[in-house]
Amino acid sequence: AGLPVPPGFTITTAACNAFQQAGGDFPAGLWEQTLAALKHIEHASARKLGDASDPLLVSVRSGARESMPGMMDTVLNLGLNDETVQGLARQTNNERFAWDAYRRFVQMFGRIVLDVAGDKLDQLFDAAKKAAGATQDTDLNADHLRAVTQQIKELVQRETGNPFPTDVLQQLELAIKAVFSSWMGR
């Protein structure tokens, strides 16, 4: 149809089933196959996950033969960290956009992957908007978003006992496991 479709790959439900049966561990060979498929995406997009100057961002999405809205989790903008956000800002020539994408990623990853209560994350963001005199998310500038992203990361560390993961391959592994685990969610 001539529509632009970004490169991607699928991890099958058989792998998800094997993950569940193994008590939350990847089946043999899955991580190596994932890294090989990631290399294909990097080659096709001419970008690299974790590259601070020209970062590749990926989404870890669930899917099903039939639509099941809200059933399984999705993680967007994976690959952002304190270095790659700078590259995204240069890439787009829009620092506000880059910091909003990073803030959204940290908030989403904290909730979906690290199991931080969504209401705590939302309250922190709402408090930042209130402190800035903002009524809409779009009223926050890059400096506001940079500050609230740091506050969210600090909340994640308090809640989990660990710093927010900045290693992009660790982010990828944790996100895949979280999406697999969401199969058993409410």
Side-chain angles (χ1 to χ4, degrees), residues 1-13 15-16 19 26-64 72-114 116 121 125 137-138 140-153 156-157 162-182:
L3 299 173
V5 178
F9 63 92
T10 300
I11 299 175
T12 67
T13 53
C16 181
F19 171 84
F26 282 157
L30 177 63
W31 184 241
E32 294 76 16
Q33 291 174 13
T34 299
L35 293 177
L38 175 61
K39 292 290 179 210
H40 169 75
I41 291 174
E42 290 175 334
H43 178 75
S45 67
R47 291 192 172 144
K48 186 172 182 338
L49 190 70
D51 182 346
S53 61
D54 191 20
L56 170 68
L57 303 181
V58 298
S59 298
V60 179
R61 299 178 176 271
S62 61
M72 293 175 70
D73 288 323
T74 297
V75 178
L76 308 174
N77 296 326
L78 188 140
L80 283 171
N81 60 31
D82 293 343
E83 289 77 36
T84 59
V85 71
Q86 302 300 328
L88 182 60
R90 284 188 301 275
Q91 216 176 45
T92 61
N93 198 30
N94 189 335
E95 188 179 17
R96 189 212 173 275
F97 167 79
W99 279 98
D100 192 41
Y102 189 25
R103 185 270 310 169
R104 290 172 187 269
F105 168 66
V106 170
Q107 202 167 345
M108 182 182 302
F109 196 92
R111 181 177 53 80
I112 292 171
V113 178
L114 302 176
V116 176
L121 294 161
F125 183 61
D137 295 3
T138 54
L140 296 175
N141 64 30
D143 290 334
H144 296 130
L145 292 163
R146 182 182 299 107
V148 75
T149 300
Q150 183 60 37
Q151 291 170 7
I152 294 169
K153 288 169 43 180
V156 166
Q157 183 164 356
N162 295 304
F164 188 86
T166 56
D167 178 277
V168 296
L169 292 179
Q170 181 187 23
Q171 290 175 357
L172 181 61
E173 179 183 1
L174 292 171
I176 292 169
K177 287 179 175 180
V179 170
F180 278 171
S181 294
S182 72

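Scope of the values below: all heavy atoms of this structure, side chains included, with no hydrogens, waters or symmetry mates. Along the sequence shown, the residues carry numbers beginning at 1.
- For the atom pair CG (L140) and CG (D100), the distance works out to 8.0 Å, reported to the nearest 0.5 Å.
- At least one side-chain heavy atom of T149 sits under 4.5 Å from a side-chain heavy atom of K153.
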Report task. Start with the C-alpha distance between L49 and I41, add both sets of side-chain angles, then the distance that settles side chain to side chain contact (heavy atoms under 4.5 Å, CB included), and finish with yes or no. Result -> CA-CA 9 Å; L49 190 70; I41 291 174; over 6 Å; no
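- The two residues F9 and L38 come nearest to each other via the heavy atoms CE2-N, 4.0 Å.
- Using cut-offs of 30° and 60° for the angle between ring planes, the F105 and F164 rings count as perpendicular.
- Contact check for I11 versus L30: side-chain heavy atoms found under the 4.5 Å cut-off.
- No donor-acceptor pair under 3.5 Å is formed between the side chain of S181 and the backbone N or O of A178.
- No donor-acceptor distance shorter than 3.5 angstrom exists from the side chain of T13 to the backbone of C16, with no hydrogens or angles considered.
- Atoms CD and CZ, on Q150 and R103 in that order, are 15.0 Å from each other to the nearest 0.5 Å.
- We find the CD-OG1 distance between E173 and T34 to be 9.5 Å, quoted to the nearest 0.5 Å.
- In this structure the side chain of R61 reaches within 4.5 angstrom of the side chain of L76, judged on heavy atoms.
- In this structure, the side chain of Q171 engages the main chain of L80 through a donor-acceptor pair within 3.5 Å.
- Taking 4.5 Å as the limit, every side-chain heavy atom of L56 sits out of range of all side-chain heavy atoms of D51.
- Taking the ring centre of F19 as origin, the terminal cationic atom of K177 falls outside the region bounded by 6.0 Å and 45° from the ring axis.
- Counting only heavy atoms from C-beta outward, the side chains of Y102 and I152 never approach each other to under 4.5 Å.
- When all heavy atoms of A101 and L88 are compared, the closest pair comes out as CB-CD2, 4.1 Å.
- With rounding to the nearest 0.5 angstrom, the CD atom of Q33 is 8.5 Å from the OG1 atom of T12.
- Between E95 and the choices Q86, R90, R146, the side chain to side chain donor-acceptor pair (under 3.5 Å) rule is met once, by R146.
- Counting only distance, with no hydrogens or angles, the side chain of H144 and the backbone of N141 share a donor-acceptor pair below 3.5 Å.
- Contact record, T74 with S62: OG1-N, 4.0 Å, taken as the closest heavy-atom pair.
- When all heavy atoms of L114 and P165 are compared, the pair lying nearest together is CD1-CD, 4.0 Å.
- One distance of note links CG of L78 with OG of S59; it measures 8.0 Å at 0.5 Å rounding.
- Of all heavy-atom pairs between R96 and T138, the closest is NH2-CA, 3.2 Å.
- You'll find the side chain of P55 reaches within 4.5 Å of the side chain of Q91, heavy atoms only.
- Residues F109 and A175 share a closest heavy-atom pair of CE1-CB, 4.3 Å.
- The backbone N or O of G79 lies less than 3.5 Å from a partner atom in the side chain of T84, making a donor-acceptor pair.
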